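Since the structure comes first, as structure tokens, the remarks are kept for the end.
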Amino acid sequence: MSTGPAGHTARSSDRPHSETARRTRLRRFLRTADGVAIDAVYEPGDVVYNGGTPSPSLGSLGSPGSPASSVSRDAAPAARRPAIVVAHGFTGDLERPHVRRAASAFAQYGAVVTFSFRGHGASGGRSTVGDREVLDLAAAVAWARELGHTRVVTVGFSMGGSVVLRHAALYGPEHEGRTPARTDAVVSVSAPARWYYRGTAPMRRLHWLVTRPVGRAVGRVGLRTRIHHRDWDPVPLSPVESVPRIAPTPLLIVHGDRDGYFPVDHPRMLAAAAQDHAELWLEPGMGHAEHATDDALLSRIGAWAAAHAS
């Protein structure tokens with residue numbers, strides 16, 4: 001699955017006027033470096049209203065390709081506040097309630113970009129379960145910068161958590177030509193440390209879903225997720241191999257001690273690989289990914305992201 005350019009970032013197919021970017025909720029199809037259309041939404045965030053006082057939420061999303069609603073005309077310039085780019089888990093998409101809940105919580109701390117990975121929701125292509133998805137995230141980060149944000153934080157859950165780690169390793173500021181897609185801070189929630197893990201029943205079911213034709217059919221029909229039939233070739237950089245390459249970018253690893261997919265040796269392995277560069281939050285009683293992340297934890301993550309986006 002790892003074919004084509006890995007470091008080239010394509011921009012959105014419809015770039016809004018800079019004033020519109022500051023004042024409206026936008027929905028666009030972005031184009032990745034390998035030509036996949038990615039459904040994405042930009043929300044300016046509650047913190048831009050009334051001199052920084054949060055205001056009520058903006059209502060439902062509009063149709064792809066058009067602004068959905070107006071926001072306050074006294075919005076601060078985008079460059080003065082961070083953008084938080086949310087990378088969902090496998091079988092999710094930007095319309096899922098748990099993704100919208102996370103976006104709403106993060107909007108208290110900055111602008112928010114949500115998007116659907118390839119093979120999910122209205123996006124094109126087929127899921128490669130964490131490989132080519134790095135290009136989807138790169139397009140979303142580059143769009144946030146195109147809209148005027150000089151500080152961008154990536155927050156990923158489960159599969160998205162592995163993607164934000166690989167993205168930060170591959171698109172660091174030291175890589176010439178990749179800077180528009182770089183991130184200024186990284187939050188990885190409920191991510192695996194290594195590939196091909198089958199040590200829990202949910203992960204054994206997931207491997208059946210991905211590797212068997214009948215499993216992929218179930219994914220397409222029952223889970224609205226279109227999965228690529230090809231194996232990884234070559235195998236992409238693993239999360240634990242990615243972590244040492246992220247420094248000096250700030251990194252937060254969040255994991256529940258009751259995660260039914262990846263036990264706590266995964267986050268501990270990631271933290272050890274960071275060699276004291278990363279913060280590790282082991283959350284008592286927390287399960288897996290977006291569904292298990294309560295509002296208080298989302299707020300803490302948002303505050304950390306805003307504080308470390310420099």
Side-chain angles (χ1 to χ4, degrees), residues 1 12-13 25-32 34-43 59-66 68 85-104 106 112-140 143 154-164 189-192 200-232 259-262 287-293:
M1 293 178 181
S12 62
S13 58
R25 175 183 296 194
L26 304 172
R27 191 160 188 174
R28 295 287 183 266
F29 279 102
L30 312 178
R31 187 69 62 176
T32 67
D34 60 345
V36 177
I38 299 298
D39 187 19
V41 168
Y42 170 84
E43 297 165 284
S60 61
L61 298 173
S63 59
S66 64
V85 180
V86 180
H88 63 74
F90 184 59
T91 74
D93 64 61
L94 68 82
E95 300 279 15
R96 301 278 185 167
H98 52 273
V99 176
R100 301 267 35 98
R101 183 171 61 87
S104 178
F106 296 153
V112 179
V113 174
T114 51
F115 66 97
S116 297
F117 279 121
R118 61 185 64 204
H120 295 72
S123 292
R126 287 177 287 178
S127 175
T128 62
V129 201
D131 179 13
R132 304 292 285 177
E133 283 76 8
V134 116
L135 301 178
D136 309 346
L137 179 59
W143 188 42
T154 54
V155 180
F157 298 87
S158 191
M159 181 187 78
S162 70
V163 173
V164 298
V189 184
S190 301
T200 58
M203 285 306 298
R204 289 191 288 273
R205 289 193 294 269
L206 187 145
H207 278 87
W208 174 83
L209 191 77
V210 170
T211 61
R212 302 295 182 87
V214 66
R216 292 191 292 271
V218 170
R220 183 177 63 254
V221 176
L223 300 173
R224 297 185 294 174
T225 303
R226 304 173 305 280
I227 306 166
H228 209 294
H229 67 280
R230 294 177 183 168
D231 293 335
W232 288 339
D259 192 309
Y261 286 76
F262 305 114
H288 184 68
E290 303 102 317
H291 296 280
T293 308

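Bear in mind that the values here come from a model prediction, so they are computed numbers and not experimental data.
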TODO: Mind checking side chain to side chain donor-acceptor pair (under 3.5 Å) for Arg96 and listing every partner two or more places apart, or none if nothing turns up?
DONE: Asp93
Task: Tyr42 side chain reached by Val112 side chain, heavy atoms, under 4.5 Å - done: no
Open item on the list: For Glu43 versus Ala103, what's the shortest heavy-atom pair and its separation?
Closed with: OE1-CB, 4.2 Å
- [ ] Indicate yes or no for a side-chain donor-acceptor contact from Ser190 to the backbone of Ala289 under 3.5 Å, with no hydrogens or angles considered.
- [x] yes
- [ ] Could you tell me which residues satisfy side chain to side chain donor-acceptor pair (under 3.5 Å) with Thr114, sequence neighbours excluded, listed by chain and number?
- [x] Arg100
TODO: State which residues pass side chain to side chain donor-acceptor pair (under 3.5 Å) with Ser158; sequence neighbours excluded, sorted by chain then number.
DONE: His288
Open item on the list: So, taking the atom named CH2 in Trp232 and the one named CZ in Arg230, what distance separates them when rounded to the nearest 0.5 Å?
Closed with: 16.0 Å
TODO: For the pair Glu290 (side chain) and Gly89 (backbone), establish whether a donor and an acceptor sit closer than 3.5 Å, ignoring hydrogens and angles.
DONE: yes
TODO: Measure the shortest side-chain to side-chain distance between Val86 and Phe157 over non-hydrogen atoms and say whether it is less than 4.5 angstrom.
DONE: yes
Open item on the list: Rounded at 0.5 Å granularity, tell me how far CG in Leu223 sits from OG1 in Thr91.
Closed with: 5.5 Å
Open item on the list: Quick check: closest heavy atoms across Ala140 and Val113, and the distance to 0.1 Å?
Closed with: CB-CG1, 4.2 Å
- [ ] Measure the shortest side-chain to side-chain distance between Ser127 and His120 over non-hydrogen atoms and say whether it is less than 4.5 angstrom.
- [x] yes
Task: Atom pair OG1 (Thr32) and CG (Asp136), whose distance is rounded to the nearest 0.5 Å - done: 6.0 Å
Open item on the list: Assess the residue pair Thr293 and Val189 against the criterion (side-chain contact (heavy atoms from CB on, under 4.5 Å)); give the C-alpha distance rounded to whole Å, side-chain angles, the decisive distance to 0.1 Å, and a yes or no.
Closed with: CA-CA 9 Å; Thr293 308; Val189 184; 4.2 Å; yes
- [ ] Could you walk me through whether Arg31 and Val36 pass the side-chain contact (heavy atoms from CB on, under 4.5 Å) test, one step at a time?
- [x] CA-CA 6 Å; Arg31 187 69 62 176; Val36 177; 6.0 Å; no
Task: Heavy-atom pair of closest approach, residues Leu30 and Ala139 - done: CD1-O, 3.7 Å
Open item on the list: If I take atom CG from residue Leu94 and atom CZ from residue Phe115, how far apart are they, to the nearest 0.5 angstrom?
Closed with: 9.5 Å
TODO: Go through the structure and list residues passing side chain to side chain contact (heavy atoms under 4.5 Å, CB included) with His291, not counting sequence neighbours.
DONE: His98
Open item on the list: With heavy-atom distances below 4.5 Å as the criterion, would you say the side chains of Phe90 and Ile227 are in contact?
Closed with: yes
Open item on the list: Once side chain to side chain donor-acceptor pair (under 3.5 Å) is applied, do any residues pair with Arg220, and if so which ones, sequence neighbours excluded?
Closed with: none
Open item on the list: Within the structure provided, determine whether Val164 and Leu137 are in side-chain contact (heavy-atom separation under 4.5 Å).
Closed with: yes
- [ ] With salt bridge (charged side-chain N to carboxylate O under 4.0 Å, His left out) as the test, would you mind laying out the steps for Arg27 and Glu95 before giving the verdict?
- [x] CA-CA 12 Å; Arg27 191 160 188 174; Glu95 300 279 15; 3.0 Å; yes
N/O donor to acceptor pairs below 3.5 angstrom from side-chain atoms of residues 203-214, sequence neighbours left out:
unit_1: Arg204; atom_1: NH1; unit_2: Arg198; atom_2: O; d: 3.0
unit_1: His207; atom_1: ND1; unit_2: Met203; atom_2: O; d: 2.8
unit_1: Thr211; atom_1: OG1; unit_2: His207; atom_2: O; d: 2.6

Open item on the list: Within this structure, what is the OG1-CZ distance for the pair Thr225 and Phe117, rounded to the nearest 0.5 Å?
Closed with: 12.0 Å
Task: Which atom of Gly161 lies closest to which atom of Ala191, heavy atoms considered - done: C-CB, 3.7 Å
- [ ] In sequence, state the C-alpha distance, the side-chain angles, and the governing distance for Asp39 and Arg118, and then conclude on salt bridge (charged side-chain N to carboxylate O under 4.0 Å, His left out).
- [x] CA-CA 9 Å; Asp39 187 19; Arg118 61 185 64 204; over 6 Å; no
Task: Any Trp143 side-chain heavy atom under 4.5 Å of Leu26 side chain - done: yes
Task: Contact check, side chains of Thr200 and Phe262, non-hydrogen atoms, under 4.5 Å - done: no
TODO: Identify the two heavy atoms, one from Ser116 and one from Gly121, that lie closest to each other, and give their separation to 0.1 Å.
DONE: OG-CA, 4.4 Å
